[in-house]
Amino acid sequence: MDIKERAGFTSKFGVIAAAAGSAVGLGNIWRFPYVAGENGGGAFLLIYLLFILAIGVPVMLSEFTIGRKAQRNTLGAFRKLAPRSGWSIIGVMGIIAAFVILAFYSTIAGWTLEYIVKAVSNSFQGKNTDILFENFKSQTFFPLLWQFIFMILTATIVFMGVQKGIERYTKILMPLLLLLIIAMCIRSLTLEGSMEGVKFLFNPDFSKITFNVILEALGQAAFSLSIGMGALITYGSYIQKDNHLPNTAIQVATADTVIAVLAGVMIFPAVFALGMDPQSGPGLVFEVLPKLFMQMPMGYLFSILFFVLLAVAALTSTVSLLEVVVAYFSEELNMSRTKATIISTSMIWFFGIFATLSFSSLKDFTLFDLTIFDSLDYVSANILLPLGALLIVIFLGWKFGKRQTYLETTNEQSIPFKLFRVFFFIVKFIAPIAIVFIFLNSLGLFRFLQS
Ligand code: PFF
């Protein structure tokens, strides 16, 4: 596509809505509670918040900077800013990560569609919702069908293009989702026995911290903010020249974090009040929420609205994942947008079948001792994204350089960026050292520190 034809976001709120739409998704509402639950609650939350602020926001701003400067897709951006060099490996890794994430993300996104149908048909009332969930996820046909439908929905929006597709819906629906979550937090907190859940989430038990917990927190921060794979480089390339990137990064990260923490407040008090297990893994929210709805006035209405909005939140994230791959295919391999969308959607859908079948009764889909689903989830969030983030900050700090970064983040010095020095110091030194240190430790290289 010729650069002049590149569609941009039309308004400031449009950019924030689209980037926040990418960030806010199943990562906040499905993944955050289940990973926090498995990793000890409060201590995990604290490290997660620290990583959002100290690493996540700087990486997000780095991605916006690279994207807007280059006006290209993830791989094209590195090819343009550092021609004929090895840096384009970052773009290649990003495309692989988008592929892998979308393959398993679409499994869970499909579940949200099934839950819309269950909500509409009032299937939770009077049922054992654990068994209901168990029966559904172990099937073969319906989980695959819903995943397929979700991929088609994603492809349709990507096909319609950035402006008409993404911007329009997120502006209204994301704030609505926030309101609904707040209402559910109130119900969860007023259940008898809910305080145990509040303690679990907000009282850090430092004895629970291991290097694996730290890596999980870093991975969750990256996953939730959509950083480390160039989704935000691609979106950055659509941001207009007068937008102040540092403010946008802060606003997007704040929206994302508020929703994740509220999701925790919605889930954990209910988990404890209803005598459930915080460590129940990827099924956690699908088991807890129906029980919560049954205890709410107008629960029927709430459940429909909630699962619809959850599906929309997932959709604005899957769109950004698919856009990474489509922008690459169409701009670098000179395909039409239609062809690029069809080819990449089919490839990802095929791959995703194996993720979905990990939950089915045909359980032979395992790698090492994890299911294919768990392996894709773990490897992408805890390895691919932090590695991508590492390379992106090294690129900005050491190759793109201070001067160019300064000019891009201040809109050619027309808007001040007071914390520029702090930002650049983090990008150049702190973030790379921290990520390498966490990686080496989780590989067990400094075992003496772990005792
Ligand atoms: N941030 C999304 C979520 O929290 O659901 C998931 C995601 C989207 C990850 C886009 C990475 C990405 F590039």
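Below, all heavy atoms of this structure are taken into account, side chains as well, without hydrogens, waters or symmetry copies. First listed ligand is number 1; within each ligand, the first listed atom is number 1. Start at 1 with the first residue, then count along the sequence.
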**Asked** Would Glu323 and Thr234 satisfy side-chain hydrogen bond (donor to acceptor under 3.5 Å, both in side chains), going step by step from the backbone distance to the final call?
**Response** CA-CA 8 Å; Glu323 177 69 24; Thr234 308; over 6 Å; no
**Request:** Any chance you could lay out the side chain to side chain contact (heavy atoms under 4.5 Å, CB included) test for Tyr378 and Glu216, step after step, and finish with the verdict?
**Result:** CA-CA 9 Å; Tyr378 188 91; Glu216 290 267 7; 3.4 Å; yes
**Trace of the salt bridge (charged side-chain N to carboxylate O under 4.0 Å, His left out) decision for Arg68 with Glu63** = CA-CA 8 Å; Arg68 190 173 67 176; Glu63 290 200 25; over 6 Å; no
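Below 4.0 Å from some heavy atom of Ser22 lie the following atoms of ligand 1, by number and element: 1 (N), 2 (C), 8 (C), 10 (C). Of all atoms in ligand 1, listed by their number and element, those nearer than 4.0 Å to a heavy atom of Asn28 are 4 (O). The contact set between ligand 1 and Met229, taken as ligand atoms under 4.0 Å from a residue heavy atom, comprises 11 (C), 12 (C), 13 (F). Residue Ala231 has at least one heavy-atom neighbour below 4.0 Å for each of these atoms of ligand 1: 13 (F).
For ligand 1, the polar-atom distance check finds no N/O of Ile227 at less than 3.5 Å from any of the ligand's N/O atoms. Between Phe223 and ligand 1, an N or O atom pair is found at a separation short of 3.5 Å. Polar contact with ligand 1: absent for Asp256 (N/O pair, distance under 3.5 Å). Distances between N or O atoms of Gly27 and those of ligand 1 include at least one value under 3.5 Å.
Here the side chain of Ser106 pairs no donor or acceptor atom with the backbone of Ala109 at under 3.5 angstrom. Under the 3.5 Å distance criterion, the side-chain polar atoms of Asn411 are matched with a main-chain donor or acceptor of Asn243.
For atom 3 (C) of ligand 1, the closest heavy atom belonging to the protein is Ala23 O, 3.2 Å.
Compare Ser320, Ser226, Ala314, Ala98 by their heavy atoms: the one nearest to atom 11 (C) of ligand 1 is in Ser226.
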